[in-house]
Amino acid sequence: MTDQTTTAPTQSEERDYDEYRVIEDLGGWKRTHTCNELTAADLGREVTLMGWVQFRRDHGGLIFIDLRDREGLTQTVFSPEGDADAKQAHERAHAIRIEYVVALRGIVSRRPEGMSNPGMLTGEIEVVVQQWKLLNTSDTPPFPIEDRVDAAEMLRLKYRYLDLRRPRLARNLILRNKAAQSVRRYLDSLGFLEIETPVLTKSTPEGARDFLVPSRMTQGAFYALPQSPQIFKQLLMVAGLDRYFQIVKCFRDEDLRADRQPEFTQIDIEMSFPDEEQVMAMAEGLVRTLFSETIGAELPASFPRMSFQQAMDEYGVDKPDVRFGLKLADVKDIFAGGGFKVFAAAPCLKAMRVPGGLELSRKEIDDYTEFVKIYGAQGLAWIKIKEDGEWQSPIVKFFSEDEKARLAECLGMAPGDIVFFQAASADVANASLGNLRLKLGERFGLIDEGAFAPLWVTDFPLLEYDPEDKRWVAKHHPFTSPQPGQMDTIATDPGGALARAYDLVLNGSEIGGGSIRIHTPAAQKAMFQALGISDGEAEEKFGFLIEALKFGAPPHGGIAFGLDRIIMILTGAKSIRDVIAFPKTQKATCLMTDAPNVVAKKQLRELGIQVREKAAANQTEDKQAEA
RNA sequence: GGAGCGGUAGUUAAGCUGGUUAUAACGCCGGCCUGUCACGUCGGAGGCCACGGGUUCAAGUCCCGUCCGCUCCGCCA
């Protein structure tokens, strides 16, 4: 063990601290406080803290250990002076390392004059340790457990339990719990019953791709995981339970986004005998209570509303961020029949005036041009209005004087502005300018990050055309009631029929949506017919619902909130993964458990399932590559 | 299905137009240190440059392919 080589002799022998690293039992010790609650009011108390070692500062003499638990940090001190216990505690403390789990017993003391740390809630005091127990050691963590260091997300997801030790993530989960409790209290106080619905249920043809679960008992048949408990909550209304809610996992096998996971959580709500106003009033109360009780934010007493049509016209999207302006304008009429063919011939021509946009560089405009191409745009036309009023633009030379005058008036153009144009299909024009608007809102600092701007979007179309399937599909879902008198419109003008549906948008994020449902068998059948679902198929897929509607289904409606997205807004998280304890990667895998994974042949045989050769070969290759 | 960004010590990054032994900081190991708080200080160890091909006298660097992570389009009633 002793090194006999020619290295220079050290002044003292190197020590092996392992003799101090013997893991002990709690031995009856009980935690008396968390690491975020001791203050000067506790001076002189003997306390017992338990937690993880955040930092150690070993001065040879004094040793400082910052102890962490989910609540916070407390500084503890080991001194070489004091009684025999304290001396021994100090000697052994040289062996403590980061992330060791320890129990410390000592006296709450005031820090010496000028040594308090105003940055810590417990910064006035420290615990002078008399005895301590090593509850567990820790390998050096693969990344620092600190908010200020951001490790690669791949690593964080693999060692998720370490990532969750970081205060920022722990705080998000703590707030999530607070939010869930707030929702439960609010809904309970209004007489809503929390009722669980099945996770193993039936695949439905409309909507997102289902996750399937093979049945062992009925070979060749599959359950589906619910995209939402929609039909069950309607059946609970038929059952006369009157008011239902559930904080519930939903599953959709679609591609992921920064705010989308394949399994996510809804606050699902349904009530009997309401109209839109009652559902929306209840929902506003829920959101107001939630924001007030979790982060102390007071939302407006009544949320503004906007029709879907107005949202698309003015913001280009169905979930407008109304924290700032930069509205879009339809300028098609001005250039219709004019000499500039690109504008005159476009099915849709929209413009967005950006005050201060004169300062945009050529490179920035080029970048924005690339940006809108994502949404299918061919290019991005623009006009800068210089301080002297002159228009600078590659396209103005094609405009007539009359067109220029009408445009200037329509948009209220002023020196210092830039105006962007999009001539395209309505979908492309709206999507490209609507998303460019968000980018410019950030670029020009128009977004008040501390503001909360809720908005109801109403009067959604009942149906939208699916060019792929060449048929009309429900925009919300096929159980949504048309607005009064719209049933006839479905036949004459399917796209023009309006639904009794509403979305709640907050800061440009869709956080909830619902509708008044169809509650008569005749109307439900008519809807299926409009969607091109045959009687036979309707019977097979939704027969139980139509049947139920025959037995005195009350008028009912409800709403579902995306809890994850709400928590994102409450915590300021940029990614949905930061508000979920164990999230999945963009490829919908879990780096910690390595799910999904192959299963034993025996399991497949029991289920009557055979994996196709090609898929099986891919899996084998994957596993070999990892090995 | 498609577009973009990224992958180099344990970690975070640098590494230009290919050219000696691949840098730095933090962390880790050890010495010294009684008021630190991201302690200080001295020394040390630590690398399949994601993986597989190719070009070249020479590849972390150039080319092709694959895998993985992230953002976006499509998709998400």
Side-chain angles (χ1 to χ4, degrees), chain A residues 3 7-17 54-66 73-81 90 94 97-98 111-120 122-123 126 139-158 204-210 227-228 230 250-262 264 370-376 428 431-432 435 460 462-464 466 468 472-480 499 501 510 513 515 531 562 574-575 577 585-587 589 591 621-622 625-626:
Chain A
D3 188 15
T7 49
T10 48
Q11 288 168 329
S12 63
E13 289 188 20
E14 296 201 350
R15 292 156 67 182
D16 180 5
Y17 289 112
Q54 177 74 56
F55 300 116
R56 94 192 151 98
R57 295 177 291 280
D58 185 341
H59 291 224
L62 287 178
I63 300 170
F64 296 93
I65 299 285
D66 291 342
L73 287 175
T74 298
Q75 173 169 287
T76 66
V77 197
F78 299 74
S79 169
E81 288 157 10
H90 170 265
H94 287 299
R97 294 293 180 269
I98 278 174
R111 295 192 188 181
E113 189 70 30
M115 299 299 166
S116 61
N117 184 343
M120 286 170 77
T122 57
E126 62 195 3
D139 286 356
T140 303
F143 55 87
I145 316 284
E146 295 173 52
D147 282 341
R148 65 195 162 77
V149 182
D150 212 6
E153 187 138 17
M154 226 189 305
L155 258 191
R156 294 174 49 202
L157 290 170
K158 181 171 178 187
T204 51
E206 302 287 300
R209 195 178 291 113
D210 287 318
Q227 297 173 28
S228 86
Q230 181 60 35
C250 302
F251 307 86
R252 295 178 190 175
D253 189 5
E254 298 292 347
D255 286 357
L256 288 77
R257 287 288 186 280
D259 65 350
R260 254 162 51 187
Q261 284 269 304
F264 62 101
E370 284 306 305
F371 175 74
V372 295
K373 285 179 182 170
I374 294 172
Y375 302 96
V428 168
S432 49
N435 286 290
F460 280 89
L462 191 63
L463 308 173
E464 65 186 343
D466 179 353
E468 205 171 300
W472 292 89
V473 298
K475 184 161 179 71
H476 189 59
H477 56 51
F479 319 112
T480 301
E510 183 199 327
S515 64
L531 295 173
K574 291 271 186 293
S575 163
R577 294 181 299 281
T585 69
Q586 194 168 47
K587 278 192 70 193
T589 66
L591 296 179
E621 274 170 30
D622 286 355
E626 276 167 37

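Just so it is clear: chains get the letters A, B, ... in the order the sequence lines come, proteins before strands, and each one is counted from 1. What you see is a predicted model; the values in this text were computed from it and never measured.
When the P atom is compared between B:U12 and B:G27, the two are found 15 Å apart, to the nearest whole Å. Taking atom P on both nucleotides, B:C49 is separated from B:G60 by 8 Å, rounded to a whole Å. Remark: the separation of the P atoms in B:G47 and B:U23 is 13 Å, to the nearest Å. Look at the C1' atom in both B:G4 and B:C48: the space between them is 29 Å, to the nearest Å. Between B:U21 and B:U66, the distance separating the two P atoms is 34 Å to the nearest Å. Nucleotides B:C16 and B:G7 are separated by 13 Å at their P atoms, to the nearest Å. Distance noted for atom C1' between B:C28 and B:C72: 39 Å (whole Å). B:A24 and B:G2: their P atoms are spaced 43 Å apart (whole Å).
Candidate nucleotides B:U71, B:U34, B:G35 were compared by shortest atom distance to the side chain of A:Pro80, and B:U34 ranks first. For A:Leu591, whose side chain is taken as the heavy atoms from C-beta onward, the closest listed nucleotide among B:G69, B:C73, B:G31 is B:G69. Closest approach to the A:Ala151 side chain among B:G35, B:C39, B:U11 is made by B:U11 (side chain taken as heavy atoms from C-beta onward). When distances run from any side-chain atom of A:Thr585 to the nucleotides B:C37, B:G35, B:C70, the shortest one goes to B:C70. Closest to the side chain of A:Leu62, from the set B:U12, B:U34, B:G69, is B:U34. When distances are taken from the side chain of A:Asn117 to each of B:C75, B:C72, B:C37, the shortest belongs to B:C37.
The aromatic ring of A:Phe143 is not stacked on the base of B:U11, since the criterion of ring centres less than 5.5 Å apart with planes inclined by under 30° is not met. Evaluation of A:His59 against the base of B:C39 yields a stacking contact (centre distance < 5.5 Å, interplanar angle < 30°).
A salt bridge links A:Arg57 with A:Asp66: at least one charged nitrogen is closer than 4.0 Å to a carboxylate oxygen.
Between the side chain of A:Gln54 and the backbone N or O of A:Ile145, at least one donor-acceptor pair lies under 3.5 Å. With A:Arg56 contributing its side chain and A:Ile63 its backbone, the two residues share no donor-acceptor pair below 3.5 Å.
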If you apply the rule salt bridge (charged side-chain N to carboxylate O under 4.0 Å, His left out), what do you find for A:Asp150 with A:Arg156, and how did you get there? CA-CA 9 Å; A:Asp150 212 6; A:Arg156 294 174 49 202; 3.8 Å; yes
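A donor-acceptor contact under 3.5 Å links the side chain of A:Arg260 to the base of B:C76. Counting atom types as modelled, A:Arg257 pairs a side-chain N or O with a base atom of B:G74 as donor and acceptor under 3.5 Å. Side chain A:Arg57 to base B:A38: no donor-acceptor pair is found below 3.5 Å. A donor N or O paired with an acceptor N or O is not found under 3.5 Å between the base of B:C75 and the side-chain atoms of A:Asp255.
The aromatic rings of A:Phe371 and A:Tyr375 sit perpendicular to each other, their planes meeting at more than 60°, with 30° as the lower class boundary.
Between atom CD of residue A:Gln261 and atom OG of residue A:Ser575 there is a gap of 7.5 Å, rounded to the nearest 0.5 Å. The OG1 atom of A:Thr122 sits 6.5 Å away from atom CZ of A:Arg111, with the distance rounded to the nearest 0.5 Å.
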When you check every protein heavy atom under 4.0 Å of nucleotides 23-28 of chain B, what one-letter string (B, S, -) results, 5' to 3'? ----SS
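Between A:Thr204 and A:Gln227 there is a side-chain heavy-atom pair separated by less than 4.5 Å. Annotation: side chain of A:Thr585 is not in contact with side chain of A:Arg577 (no heavy-atom distance under 4.5 Å).
Closest non-hydrogen pair, A:Phe143 versus A:Leu155, comes out as CE2-O, 3.9 Å.
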Between N or O atoms, less than 3.5 Å apart, protein on one side and nucleotides 47-49 of chain B on the other: list the pairs.
none

What's touching nucleotides 3-9 of chain B from the protein side, N or O pairs under 3.5 Å?
none

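Remark: aromatic rings of A:His59 and A:Phe64 are close, center separation under 6.0 Å.
Within 4.0 Å of A:Leu73, counting heavy atoms only, lies no atom of the nucleic acid at all. Using a 4.0 Å heavy-atom cutoff across all strands shown, A:Tyr375 reaches sugar-phosphate atoms only and no base atom.
Nucleotide B:C37 holds its C1' atom 6 Å from the CG atom of A:Asp66, rounded to whole Å.
Pairing for B:G27 is absent, with no Watson-Crick or G-U wobble pair whose two atom distances lie under 3.5 Å.
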